[in-house]
Amino acid sequence: MTTYSPSIDTSPADPGMYGLLAEFHDPQALVNAANVLRKNGYYRWDCYSPFPIHGLDKAMGLKFSPLPVVVFSVATLACVGALALAWFCNAFDYPLIVSGKPYWGFGPHMFVAFPATVLASVVTTFYATFIFCKLPVFRHPLFTSERFRRVTDDGFFIAVEARDAKFDLTATAALLNAAGAQAIEEVRD
Amino acid sequence: MTTIEIPQGRLDTGFDNTAEDCIHRDPLVTGEATYHAITKIVTATPEARRAPKIWYVCFTISLMLLCLLFLTIAYQVFTGVGVWGNNSPVGWGFDIINFVFWVGIAHAGTMISAILLMFRQKWRTGINRFAEATTVFSVLCAGIYPAIHVGRPWFAYWLIPYPNVMGVWPNFYSPLLWDALAVGTYSTVSFLFWYFGMVPDLATLRDRAKTRTRHTLYGLFSLGWRGSARHWLIYERGMLILGGVATALVLAVSSTVSTDFAVSQIPGWHETIFPPYFTVGAIFSGFATVIALAIPARELFGLKDVITLRHMDNLAKLMLVLASIVAYIYLIEFFIAYYSGNPYERFAYYNREFGPYWWLGWAMLFCNGVVPQLFWFKKARTTWWLALPVALIALFGMWTERFSIIVTSIQRDFLPSSWHMYRPSIVDIGMFAGSFGLFFTLFLLFCRFLPMVAMSEVKSILPQSHTHLPADCKAEA
């Protein structure tokens, strides 16, 4: 496996500069360009598209998200917690005699444990997804670009941030251009 | 009449994407299948200055029915559950019938967005948002009934286990508690699932907004989504988890509801087949609802290129499968009643078809078992004026099924001296009509102001969205 040395953050020379925004024609062009940027060792950059493009994560060299581990842990806790609650309430703290049934039965308490597990997983997934995405963010430099509004319609973009150590206005623009960008613009904060 | 500009599709020019042979089948999205065309089709309705006239007519009627719902609930809460037609021995009437009916309708949305997601069915993308909306709103309608049927709804919080001065806890063996947990979980999950899927599409509406109000409102609810690849990666993983969990949930909710009946000792209720029976029936009625709503919606809001004939064809096929399973379960129920040799069990089923409510019993068999068999014919599946009546008849049939199971099983109980007929009171009927008002008010608002089709998902299944990794990247991976 080839290793590319990733760049690190530096404070940009021009503090008002967010970075360069490049537009690409279609998903395939975006994947190709992402591959080029990754190989050139850029670190602070991202692709933007109206829908998830499969393969783009590999081209960008993105890591697996820890979301499933978090959700599984919370769901397991919720399942055990719900069973423990049912046991505590009906078998320990105030034993309830109902038709001579045992105080604690695994079968009927599945109706308690199952929804609790599902509810916990879904609520965790919902919040964890947006927390991992660092959303909501209502103010972002990219939103100042008129061109970028098409990202939720039919626009495919790459934005390279100025704080990337490898960022250089001319060199990066040239690289994006060579990678097949249709249009490149500066984005200022 | 105000019309919404509809991009013309190929459907009108005779192309066919319903062919069984995939070589001769047109793509799933007909018409001009570019990314921008899909955005235009779906955002046409939320961005139109005025809705079609028929929308205002329907919305007014729905609002009036919604008022009726509030009035009847207020009257019932202030007077007591005696305003209903329930009696002894028929302790469960319209409240439980309509609860089970509405919960059932909810199931199609989750089935389409969760189970079909697991099976990687691409056609699901055209209708999932729409079906999920029916889920969210019908669970809401269902949730009203358990909340008010307890008689003193202001004590509903007693279902929550919290340390209290009385020193008691809720009974976790009680189906009432299971119901509250199942329906509470279902409504939360279906709402979060629906909203989660809608975030990127709300961002589309935000970016296209022409006025400040629209930009602020859609911007607020789209959480600042900007289509980042890093976000999409986490988001898709989250969607998959939600789908997997909801798949288990959709099979469990009606199963839980069915245990309200199955754990009792009433002939006609005390059956092990109940969980799958209720689940299949629920999904069946849900598909009928989705078909019944999709037919007018795709006509009215110009969605024919996205919700194509192929989608309608597939929905109808699934409905046919479910109808056949439902019919099989009916036959098994009657057979087991005969085969058990138990006179009470036999009587319960005899009473269902030949007792005082015989016509509902036969309507159930005919509407759910026989009529949907029309969907064996492609003509019936792809012609709206044939598919719509079948769906509506099936919906009515599923309601009669709930009535038959609930009322006829207890209306003639073990002791003939206590037999009593059940008739819904005017409050019962008003409340039922009102629940349709609630459903349609919310549904019409959804159609008018929110993206009715999951744009980002439809775009991702277009042929031009398919990419391949560059050779050097593939070698490393």
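A, B, ... follow the sequence lines: proteins, then strands. Residue 1 opens every chain.
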Passes side chain to side chain contact (heavy atoms under 4.5 Å, CB included), V71(A) versus F126(A)? Steps please. CA-CA 10 Å; V71(A) 174; F126(A) 183 82; over 6 Å; no
Side chain to side chain contact (heavy atoms under 4.5 Å, CB included) evaluation trace for L21(A) with I184(A): CA-CA 6 Å; L21(A) 179 70; I184(A) 299 174; over 6 Å; no
Does the side chain to side chain contact (heavy atoms under 4.5 Å, CB included) test come out yes or no for F196(B) and M239(B), once each step is laid out? CA-CA 8 Å; F196(B) 189 80; M239(B) 190 59 117; 3.9 Å; yes
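Contacts of N32(A) with chain B are made by both backbone and side-chain atoms, with heavy-atom separations under 4.5 Å. Interface residue T259(B): only side-chain heavy atoms are found under 4.5 Å from chain A. Residue F72(A): no heavy atom, backbone or side chain, is found under 4.5 Å from chain B. In this structure, chain B has no heavy atom under 4.5 Å from any part of D26(A). Of the two parts of H109(A), only the side chain, counted from C-beta on, holds a non-hydrogen atom closer than 4.5 Å to a non-hydrogen atom of chain B. With a 4.5 angstrom heavy-atom cutoff, V118(A) touches chain B via backbone and side-chain atoms both. Neither the backbone nor the side chain of F157(A) comes within contact range of chain B, judged by heavy atoms closer than 4.5 Å. Proximity to chain A involves both the backbone and the side chain of L192(B), based on heavy atoms less than 4.5 angstrom apart. For chain B, no part of V36(A) is nearby; none of its heavy atoms comes within less than 4.5 Å. Residue contact with chain A, scored on non-hydrogen atoms closer than 4.5 Å, is absent for V458(B). For chain A, no part of A454(B) is nearby; none of its heavy atoms comes within less than 4.5 Å. Heavy atoms closer than 4.5 Å to chain A are found nowhere in A246(B), neither backbone nor side chain. Heavy atoms of P175(B) lying under 4.5 Å from chain A are absent altogether. The contact between F156(A) and chain B is made entirely by side chain atoms (from C-beta outward), counting heavy-atom distances below 4.5 Å. Proximity to chain B (any heavy atom under 4.5 Å) is shown, for T129(A), by both the backbone and the side chain. Residue L177(B) does not touch chain A at all, counting heavy-atom pairs closer than 4.5 Å. For L233(B), the part sitting under 4.5 Å from any heavy atom of chain A is the side chain, from C-beta outward, and nothing else. If you measure heavy-atom distances from E236(B) to chain A, the contacts under 4.5 Å come from the side chain alone. Heavy atoms closer than 4.5 Å to chain B are found in the backbone of W104(A), but not in its side chain.
Looking only at side-chain heavy atoms (C-beta outward), V112(A) and L83(A) stay at 4.5 Å or farther from each other. With contacts defined as side-chain heavy-atom distances shorter than 4.5 Å, the pair F114(A)/L181(B) does not qualify. For the pair I115(B) and V250(B), the minimum side-chain heavy-atom distance is below 4.5 Å. Counting heavy atoms from C-beta outward, V31(A) and P470(B) have side chains that approach closer than 4.5 Å. Looking at Y162(B) and W169(B), their side chains never come closer than 4.5 Å, going by heavy atoms from C-beta outward.
For R129(B) and E457(B), the salt-bridge test fails: no basic side-chain N is under 4.0 Å from an acidic carboxylate O.
Of the possible donor and acceptor atoms, one in the side chain of T43(B) sits under 3.5 Å from a partner among the backbone N and O of T39(B).
Using a 4.5 Å heavy-atom cut-off against chain B, the contacting residues of residues 131-141 of chain A are F132(A), C133(A), L135(A), P136(A), V137(A), F138(A), H140(A).
Note on L30(A), T117(A), L62(A): by heavy-atom pairs under 4.5 Å with chain B, the leading option is L62(A). Among V199(B), D201(B), T34(B), L249(B), the residue making the largest number of heavy-atom pairs under 4.5 Å with chain A is L249(B). Between chain B and the residues L56(A), D153(A), V122(A), the most heavy-atom pairs under 4.5 angstrom are made by D153(A).
S113(B) and E132(B) are linked by a side-chain donor-acceptor pair at a separation below 3.5 angstrom, with hydrogens and angles left out of the test. In summary, the side chains of S254(B) and H107(B) do present a donor paired with an acceptor at a separation below 3.5 Å, with no hydrogens or angles considered.
The distance between the ring centers of F278(B) and F261(B) falls below 6.0 angstrom. Here the two rings, on W45(A) and Y42(A), have centers that are 6.0 Å apart or farther.
Y48(A) and F148(A) have perpendicular rings, their planes meeting at more than 60° on a 0 to 90° scale where under 30° would count as parallel. Using a 30° and 60° split on the angle between ring planes, Y195(B) and F191(B) fall in the parallel class, below 30°. Classification of the H231(B)-W225(B) ring pair by plane angle, with boundaries at 30° and 60°, yields tilted.
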